[in-house]
Amino acid sequence: MSAQNARAATAIVLLAAGKGTRMRSTRPKVLHEIAGQPMLHFAMRAAMTLAPQRIAVVVGQDAEAVALSARSLVPEVEIFLQREQLGTGHAVRMAEGTLSDFDGQLIVLFGDTPFLSAATMAKLIETPEAITVLGFQTDSPGRYGRLVMDGEALLRITEAKDATPDELQIKTCNSGVMAGPAKTIFRLLSQLTSENAQGEYYLTDLPALARAEGVFTRAVFCDIAETLGINDRIDLAAAEAAFQTRARAQAMAAGATLIAPETVHFSWDTVLGQDVVIEPNVIFGPGVEIADDVTIRAFTHLAETRIAPGVSVGPFARLRGGTEIAEGAYIGNFVEMKKADFGPGAKASHLTYVGDAEVGAEANLGAGTITCNYDGVSKHRTQIGARAFIGTNTALVAPVKIGEDAYTATGSVVTKDVPPGDLAIARGRQENKPGLARKLRQRLLGLKAAKE
Ligand code: UD1
Ligand code: CA
């Protein structure tokens, strides 16, 4: 959080104490994930775009889990506990003790509203002396609070449950986001009452209280896509779909070919280079970075993996757990890699598991190469030198080192290091028994006849 900021000083209070009853989950609502990231982190990242001096999260339900998650993203986040969920206005007051004399803008965000853009965040603090509410237009305003406007001025916000039939017709709605001078907001919050349909202290009563004191109240607007609030699993799926639609469009706009975009699922942090081709049904978990001119073939699953230029992966490959693929490498079908460092031009064309391993440049792993990295207690490393050739169906029992230019014979179980340039044969020797197959068959046929 940089203090170097041309704008007014800002403090963010993110509300995340609610039960999220409609999720029907043992997990707190704000920790449900969109594109592999908890919705709380989406909201916190939106907050961070203003480089705030202070950032606070109000927790209540599953307070510890929510606080832990918030701290994992922003270690200096301030946590306030709201023991009883008495409403959004009450929730903001939990931060009163340390923020009521903050000399700057206070911005209230909701943990269940993940998609606010940086541009919208900036609009909120354009008029620092005013109370600013973020609104949006919709043809189905449903349960949203309604903004009662008089031209530019915001007269009040009416919750759907308290609205008159006329007010319910209003299609200008409250996103929940509110900004204004911290001192004004906390002064007004102390005047809230819970005399309303839900018996709660509504943050939304603030604009009317502000006007009564002669404080200017206004609304700024954004697209409904940004203010999408998540209350149940249907909303969660809609948020996921909205995220994916945007991510696909961005990927294509930036120069990636998606052959069937609607079947590709991105993570919130996927990075793609130019002229990347992604075939149908590819899934990106968190932490994937793909350089230029890479082809990801159908049904591949990637997570925590970096891929250098000119690589081809899949179909049906799974790369994960801190894997690095160097330039020009080739990874074919039914290959899994975990924590693998796969060298330039190296190949694993089919049916291979590479875990906790280093593979040198131009090495070739035959079909069925398996690094046996786990002994049931610990993980061990396999090192394969440059240009090594691992014969088909080799089991590499780690820890083990295969030297540069070495060979392992097909079907070997390699338990000892192989020096550079050597050939390791570690399998039973073949013996041919003349005529024995024919004799065996005769005997078996005889046994069968005796039984019948
Ligand atoms: C709220 C707004 C409504 C707006 C809608 C937009 C109020 C009174 N209403 O309604 O005008 O259209 O958001 O999505 O503000 N929370 C707490 N403590 C509480 C209550 C809520 O931390 O005591 C948190 C929740 O965890 C959630 C957020 O505040 O993150 C919003 O609460 P929620 O109950 O979902 O408000 P809505 O009924 O959706
Ligand atoms: Ca809500």
Side-chain angles (χ1 to χ4, degrees), residues 12-23 25 27-32 38-44 46-47 56-63 65-67 69-70 79-95 108-116 131 133-138 140-148 154 156-163 167-168 170-178 185 189 192-209 219 221-222 224-232 234-236 238-239:
I12 309 273
V13 176
L14 224 148
L15 305 189
K19 281 193 270 298
T21 315
R22 283 175 278 165
M23 291 299 281
S25 178
R27 197 199 298 199
K29 174 166 80 174
V30 295
L31 299 190
H32 281 263
M39 63 177 100
L40 175 68
H41 288 199
F42 276 94
M44 290 175 73
V57 177
V58 178
V59 300
Q61 219 63 35
D62 292 294
V66 177
S69 174
I79 304 290
F80 297 98
L81 181 66
Q82 185 193 26
R83 281 178 206 286
E84 266 187 292
Q85 279 70 68
L86 302 180
T88 48
H90 180 260
V92 178
R93 288 194 75 180
M94 299 301 105
V108 180
L109 301 180
F110 288 175
D112 67 352
T113 306
F115 294 145
L116 295 171
I131 297 284
V133 167
L134 179 63
F136 64 97
Q137 306 285 345
T138 171
S140 34
R143 321 160 72 121
Y144 286 114
R146 308 297 203 270
L147 302 189
V148 183
L154 170 65
R156 62 178 184 279
I157 305 175
T158 307
E159 286 304 289
K161 285 183 181 156
D162 301 286
E167 286 171 333
L168 283 176
I170 297 174
K171 290 175 175 168
T172 307
C173 294
N174 175 30
S175 70
V177 177
M178 198 178 291
I185 288 182
L189 280 174
L192 288 184
T193 69
S194 58
E195 286 148 25
N196 52 52
Q198 302 187 80
E200 287 184 2
Y201 296 90
Y202 290 163
L203 179 63
T204 47
D205 285 347
L206 232 64
L209 293 171
F221 294 93
C222 70
I224 186 169
E226 283 189 44
T227 62
L228 199 78
I230 294 159
N231 295 309
D232 58 28
I234 293 168
D235 294 341
L236 185 66

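One-based numbering, in listed order, for ligands and for the atoms of each. The model shown is predicted, which means the values in this text are computed figures rather than measured ones.
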Distance below 4.0 Å between [atom] and any protein heavy atom?
atom: atom 33 (P) of ligand 1; answer: no
atom: atom 11 (O) of ligand 1; answer: yes
atom: atom 23 (O) of ligand 1; answer: yes
atom: atom 37 (P) of ligand 1; answer: no

**Request:** Test side-chain contact (heavy atoms from CB on, under 4.5 Å) on Val13 and Met94 and set out the steps.
**Result:** CA-CA 10 Å; Val13 176; Met94 299 301 105; over 6 Å; no

**Prompt:** For the Ca ion (ligand 2), what is the closest N, O or S atom on Asp112?
**Reply:** OD2

**Fill in**
Contacts of Asp235 meeting side chain to side chain contact (heavy atoms under 4.5 Å, CB included) (sequence neighbours excluded), chain-then-number -> Ile230, Asn231, Asp232

Just to be sure I'm reading this right: ignoring hydrogens, which of [options] gets closest to [atom]? Compare them by their nearest heavy atoms.
atom: atom 15 (O) of ligand 1; options: Leu15, Thr88, Thr113; result: Thr88
atom: atom 18 (N) of ligand 1; options: Gln82, Gln85, Lys29, Arg143; result: Gln82
atom: atom 28 (C) of ligand 1; options: Tyr201, Phe110, Phe136; result: Phe110
atom: atom 20 (C) of ligand 1; options: Ala160, Gly145, Gly87; result: Gly87

**Asked** Would a distance-only check, ignoring hydrogens and angles, find a side-chain to backbone donor-acceptor pair under 3.5 Å from Asp112 to Gly229?
**Response**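 Checked: no pair found.
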
How close does the nearest protein non-hydrogen atom get to [atom], and which residue and atom is it?
atom: atom 39 (O) of ligand 1; result: Asn231 OD1, 4.4 Å
atom: atom 35 (O) of ligand 1; result: Asp112 OD2, 3.5 Å
atom: atom 4 (C) of ligand 1; result: Asn174 O, 3.2 Å
atom: atom 25 (C) of ligand 1; result: Gly18 N, 3.8 Å

Mark the output for [X] as yes if a heavy-atom distance to ligand 1 is under 4.0 Å, and as no if none is.
X: Gly111; value: yes
X: Ser175; value: yes
X: Glu159; value: yes
X: Ala91; value: yes
X: Val58; value: no

What's the spacing between [X] [atom1] and [Y] [atom2] if we round to 0.5 Å?
X: Ile170; Y: Thr138; atom1: CD1; atom2: OG1; answer: 13.5 Å
X: Glu195; Y: Glu200; atom1: CD; atom2: CD; answer: 14.0 Å
X: Thr204; Y: Ile157; atom1: OG1; atom2: CD1; answer: 5.5 Å
X: Leu15; Y: Gln82; atom1: CG; atom2: CD; answer: 7.5 Å

**Asked** Mind checking whether the Ca ion (ligand 2) has an N, O or S of Asn231 under 3.0 Å?
**Response**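 Checking the Ca ion (ligand 2) against Asn231, an N, O or S atom does fall under 3.0 Å.
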
**Request:** Looking only at distances, please establish whether an N/O atom of ligand 1 is found under 3.5 Å from an N/O atom of Ile157.
**Result:** no

**Prompt:** Any nitrogen or oxygen of Ala17, main chain or side chain, under 3.5 Å from a nitrogen or oxygen of ligand 1?
**Reply:**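 It does: an N or O of Ala17 is found under 3.5 Å from an N or O of ligand 1.
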
State the atoms of ligand 1, each with its element, that fall below the 4.0 Å cut-off from a heavy-atom position in [X].
X: Thr204; value: 7 (C), 8 (C), 9 (N), 11 (O), 15 (O)
X: Leu86; value: 23 (O)
X: Ala16; value: 22 (O), 26 (O)

**Asked** Using a distance-only test with no angle check, is there a side-chain donor-acceptor pair under 3.5 angstrom linking Gln137 and Thr172?
**Response** yes

**Message:** By the definition side chain to side chain contact (heavy atoms under 4.5 Å, CB included), identify the one residue from Thr227, Leu14, Val177, Thr88 that meets it with Phe110.
**Reply:**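 Exactly one candidate clears the test, Thr88.
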
